[in-house]
Structures are given as structure tokens and as C-alpha cells.
Amino acid sequence: MTTDSTSPIPSDDPVASRRDFVAAAVTMAAAAGAAGSAQAQTPNIRFSNPPGMSSPPTYSHVVEVTGPNRTIYIAGQTGADATGKVKEGFRAQAVQVMENIKTALASVGGGFEHVVKINSYLTNLEANAAEFREVRALYFTNRSALPAATSVQVPRLANVAYLLEVEAIAVLPPKA
């Protein structure tokens, strides 16, 4: 059974007409073009939880956005180590926070010299801000290129044992 090309009834003839072939090719090309343009509009973003850090269920430790440079967003780091154990005391937590940030930066080929912004959340600024600045200074050693920084006192953090949390933004050169 055969039909003309305007009939919606398919042909029993196993050989497709040229018109059927062209119509199918145009449909596939349009679908591929739509998918390609959707991908082209989406920035190149990579989310990760590097080895040596915990794997939280509700956020990523590192978000890498590539472009002419790479912008790295590091989630708020706490005094918990890779196993999730929270360090005892403010100074130990502050050191662990900075070590976590160091690990996150290293996972994308960066270091503290690439950090352009940090936000610090402390549960007691009056008691701990000076000690935090001392610990932070051990990691940010280039005094002419210190990151922009914000420190805020908060009533508590996600875990009552956390005494501080620090998030960072870094800008790295493009990958070679």
C-alpha cells in the first residue's frame, strides 16, 4: 500500500521517500541544534567535594566556574575534619577551617594567594576575633594582596559545636 506524500497514512513500502528522509533529517537537526544551543548558554560549572574533606549531603565544598579565569566558590568551612570530627576549642577549629580551605584550594590548583574574598561567621566575636585574625594571618602571608573580608557574629551555626565558619571565593588563571 502506498500513499501520496500529503497523506498521513504510512506506506507499507519499505523504501522511504526522499521527502520523508528530508523531513526526518530536518527534525533531527532542529532537535540537535536546540540541545546544542541550550548547552552553549550554560556556563561550565563543576561541583566537588575533594578527597580529604567530608562529603556533605546538602552542599558542595567547591564550585568551580570556568571562563577567561576560574572563579572558585568554597562553601563555609567549619572546625570539622575529613571524618566529620569537630576539633575542640576555638584555635583548633580555626586552624581546621583554614586547613579545609587549603585542601579545597589545592583540589583546583590554587592557594591562599588566589583568594579574593572571605566571609567569617563567629559565634563570639568579642572573645575570638583576635585569635581568628592570628590564625588567618598564618595562611594569608602576602600582606599586599589580602582578600576582601567580612566577619559577622551569629547566634549559632548548623552544629552547636561549631564556633566559626568561613567561606571563600578565589580567582585562578585559566587551565593550560
Side-chain angles (χ1 to χ4, degrees), residues 35 38-176:
Q39 289 174 349
Q41 293 175 7
T42 304
N44 187 6
I45 301 173
R46 184 176 71 94
F47 300 86
S48 67
N49 291 308
M53 299 175 75
S54 66
S55 294
T58 59
Y59 63 92
S60 296
H61 282 298
V62 180
V63 179
E64 178 182 10
V65 181
T66 57
N69 288 304
R70 295 180 297 141
T71 304
I72 312 300
Y73 299 88
I74 300 173
Q77 297 301 304
T78 63
D81 64 18
T83 67
K85 183 177 180 194
V86 179
K87 300 293 182 178
E88 292 291 326
F90 183 84
R91 186 173 195 85
Q93 284 193 29
V95 168
Q96 185 64 55
V97 162
M98 301 311 283
E99 288 296 316
N100 289 345
I101 292 171
K102 180 178 172 182
T103 299
L105 289 165
S107 78
V108 293
F112 284 97
E113 69 275 14
H114 296 108
V115 175
V116 297
K117 174 75 170 112
I118 61 170
N119 294 322
S120 307
Y121 307 94
L122 285 71
T123 58
N124 189 336
L125 272 172
E126 190 173 330
N128 300 316
E131 189 167 24
F132 176 64
R133 285 190 296 273
E134 288 172 16
V135 171
R136 187 176 65 192
L138 298 173
Y139 293 85
F140 291 99
T141 57
N142 182 352
R143 299 291 177 243
S144 65
L146 293 173
T150 300
S151 294
V152 178
Q153 180 167 310
V154 295
R156 82 162 268 199
L157 295 161
N159 178 330
V160 71
Y162 298 157
L163 301 175
L164 77 157
E165 184 168 340
V166 179
E167 57 190 19
I169 300 171
V171 176
L172 280 72
K175 286 187 176 177

Quick one: do Phe112 and Asn142 satisfy side-chain contact (heavy atoms from CB on, under 4.5 Å)? Show the steps, please. CA-CA 9 Å; Phe112 284 97; Asn142 182 352; over 6 Å; no
For the pair Phe132 and Phe90, name the ring-plane relationship: parallel under 30°, tilted 30 to 60°, perpendicular over 60°. perpendicular
Under 3.5 Å: donor-acceptor pair, side chain of Thr123, backbone of Leu163: yes
Do any N or O atoms from the side chain of Glu165 and from the backbone of Ala75 form a donor-acceptor pair under 3.5 angstrom? no
For the [atom1] atom of [X] and the [atom2] atom of [Y], what is their distance to the nearest 0.5 Å?
X	Y	atom1	atom2	answer
Ser151	Arg133	OG	CZ	7.5 Å
Asp81	Ser54	CG	OG	8.5 Å
Asn128	Ser120	CG	OG	12.0 Å
Glu64	Lys175	CD	NZ	4.5 Å
Arg136	Leu138	CZ	CG	11.0 Å
Asn124	Leu164	CG	CG	11.5 Å

Taking C-beta and beyond as the side chain, do [X] and [Y] meet within less than 4.5 Å on heavy atoms?
X	Y	answer
Asn159	Val86	yes
Arg91	Gln96	no
Pro174	Arg70	no
Val135	Met98	yes
Leu122	Val154	no
Ile72	Val63	no
Phe47	Val62	no

Is it true that Lys117 and Glu167 have a side-chain N and a carboxylate O under 4.0 angstrom from each other? no
Tested for side chain to side chain contact (heavy atoms under 4.5 Å, CB included) against Gln77, the lone hit among Ile118, Thr103, Val97 is Val97
With Ile74 as reference, evaluate Leu105, Asn100, Val166, Val115 under the side chain to side chain contact (heavy atoms under 4.5 Å, CB included) test and give the passing residue. Leu105
Heavy-atom nearest pair, Ser48 first then Ser60, reads O-CB, 4.0 Å
Heavy atoms of Leu172 and Val108 approach each other most closely as CD2-O, 3.3 Å
Evaluate Glu99 against Tyr139 for side chain to side chain donor-acceptor pair (under 3.5 Å), listing each step before the verdict. CA-CA 9 Å; Glu99 288 296 316; Tyr139 293 85; 2.7 Å; yes
Give the intermediate values and the outcome of side-chain contact (heavy atoms from CB on, under 4.5 Å) for residues Phe140 and Glu113. CA-CA 7 Å; Phe140 291 99; Glu113 69 275 14; over 6 Å; no
